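Scroll down for the structure; my scribbles are underneath it.
Computed from a prediction, not measured in an experiment: that's the story for all the values here.
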Amino acid sequence: MAASVTTTATTLEGQLWEVAVRAQVAELAIDPATRPNNVTTTIDTENQTVSVTFTAPATFSVSSSGALVASPTTYLP
């Protein structure tokens, strides 16, 4: 399981960016033959935007009230 991340950004948006970058770094530490590519970040300097896409493996179940419950599972060592 990957270590938790302490962020320094003062906004939720900044914290999201920090976590995304840390997850990318953790992915890059995995052997290229088995490395996942679940995090994509794109910087658009012209429009001054940052895009983050994250895909997580998950398990699914149905609660006692019939609601679908998704629980992300660990994929980083």
Assigning hydrophobic clusters by single linkage (Ile, Leu, Val, Met, Phe, Trp, Tyr; side-chain heavy-atom cutoff under 4.5 Å), is F54 placed with L16? no
Out of curiosity, [X] [atom1] to [Y] [atom2], how far, rounded to the nearest 0.5 Å?
X: T53; Y: N38; atom1: OG1; atom2: CG; result: 11.0 Å
X: S61; Y: L68; atom1: OG; atom2: CG; result: 7.5 Å
X: T8; Y: Q15; atom1: OG1; atom2: CD; result: 8.5 Å
X: T11; Y: E18; atom1: OG1; atom2: CD; result: 8.5 Å

Tell me which one of V39, V19, N37 satisfies side chain to side chain contact (heavy atoms under 4.5 Å, CB included) with Q24. V39
If every non-hydrogen atom of [X] is compared with every non-hydrogen atom of [Y], which pair is closest and at what distance?
X: A9; Y: G14; result: CB-C, 3.4 Å
X: L76; Y: A26; result: CD1-CB, 3.8 Å
X: T73; Y: A58; result: OG1-N, 3.8 Å

Student check: side-chain heavy atoms of S51 and D44 closer than 4.5 Å: no
Do the side chains of W17 and I43 get nearer than 4.5 Å, heavy atoms only? yes
